[in-house]
Amino acid sequence: MALRRALIFVGPPGAGKGTQSKLAAKECGLPHLSTGDMLRDAIARGTPLGKKVRPLLGRGELVPDDLVMSMVEERLSQPDCANGFIFDGFPRTLPQAEQLDGLLEAKGLGKPLVIDFCVSPDKLLRRLSGRLTCSVGGEIYNEFDAPPKVPGICDRDGGKLVQRPDDRPEVVKERLVAYEKQTKPLTDYYRRRGVLQVVDAGKSVDEVSRALNAILKRAEGPNGRL
Ligand code: ADP
Ligand code: ADP
């Protein structure tokens with residue numbers, strides 16, 4: 001697929017944005033940009049940004065817009081982002097969305113294509129409480145629904161599987177509140193601009209991927225209908 005577009009995956013924590021971003025990135029040949037992964041990487045490396053944001057992620061609160069925007073702007077200036085990219089977990093606030101519009105215009109990429117991942121709250125809780133991530137390559141598993149072949153070990157690279165500290169129930173509660181208050185309004189913003197597509201993300205990984213690919217196929221090319 002040759003999609004020259006900024007794709008944005010929005011939806012609550014645990015909706016499957018990361019899982020589908022990895023699949024769509026392969027399908028479309030676009031880089032997968034997860035602001036959550038970038039922030040966790042900064043924390044792991046102990047950079048000044050990492051030190052600032054560590055307590056915020058630990059409490060399930062959003063990182064201030066200015067910090068996220070400079071991180072994103074820096075990433076978008078790299079050559080692999082010239083023809084489009086997939087944002088997973090960004091933007092998460094209206095100011096981030098408005099500033100991203102300016103960046104996309106400056107890059108000549110025009111309007112983004114935004115996919116809203118809809119899932120019922122009970123499924124979200126099951127997915128988050130069972131999520132395991134490879135500490136080496138970032139592969140995503142689920143203890144209940146997508147377990148590795150050998151417990152605790154990544155099928156792909158043998159890395160150790162870990163639970164994200166913010167997937168503990170008390171932090172999950174805060175993240176869902178932050179989503180409802182600060183991120184959900186983005187769907188109206190993008191719907192009004194005619195770029196929002198909704199996907200039933202409560203289905204299986206394969207079914208969601210097929211629905212997503214059908215949308216991306218329609219959007220392909222300079223005169224894509226979305
Ligand atoms: P999930 O995919 O489960 O929703 P993420 O990995 O996207 O989680 O984000 C983890 C945490 O990183 C968030 O709870 C928040 O603290 C921070 N974060 C990630 N992206 C952003 C963003 N665009 N704006 C503000 N904070 C962010
Ligand atoms: P997000 O990036 O939106 O927070 P993830 O892609 O990390 O979500 O998925 C959260 C958890 O749900 C992971 O454990 C993943 O294996 C699982 N998962 C993802 N998509 C599905 C699906 N369609 N059905 C069942 N489980 C899923």
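Each ligand, and each atom within it, is numbered from 1 in the order the structure gives.
- Of all atoms in ligand 1, listed by their number and element, those nearer than 4.0 Å to a heavy atom of E61 are 15 (C), 16 (O).
- Counting heavy-atom neighbours within 6.0 Å of R156 CZ, excluding the residue itself, gives a total of 12 or less.
- K52 meets the side-chain contact (heavy atoms from CB on, under 4.5 Å) test with L67; sequence neighbours excluded.
- The side-chain contact (heavy atoms from CB on, under 4.5 Å) search around R193 returns D101, K111, P112, Y189, Y190, V195, not counting sequence neighbours.
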Please assess K217 against E220 for the test salt bridge (Lys or Arg N to Asp or Glu O under 4.0 Å), listing each intermediate value before the final yes or no. CA-CA 5 Å; K217 198 94 202 135; E220 209 177 355; 3.4 Å; yes
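- Among residues two or more places apart in sequence or in another chain, the side-chain contact (heavy atoms from CB on, under 4.5 Å) test is passed with N142 by R127, F144, D145, A146.
- A side-chain donor from one of D65 and T93 sits under 3.5 Å from a side-chain acceptor of the other.
- In this model, no donor atom of one side chain and acceptor atom of the other lie less than 3.5 Å apart for S204 and D206.
- Residue V63 touches ligand 1 through backbone and side chain together, judged by heavy-atom distances below 4.0 Å.
- Residues F117 and F9 bring their aromatic ring centres within 6.0 Å.
- For ligand 1, the polar-atom distance check against L62 finds no nitrogen or oxygen pair separated by under 3.5 Å.
- Near ligand 2, residues P12, P13, G14, A15, G16, K17, G18, T19, R127, R131, I140, Y141, N142, K203, S204, V205 come within 4.0 angstrom through at least one heavy atom.
- Atom numbering of ligand 1 starts at 1 in the shown order; those under 4.0 Å from a heavy atom of Q96 are 22 (C), 23 (N), 24 (N), 25 (C).
- The atoms of ligand 1 that sit less than 4.0 Å from any heavy atom of L39 are 12 (O), 17 (C), 18 (N), 19 (C), 27 (C).
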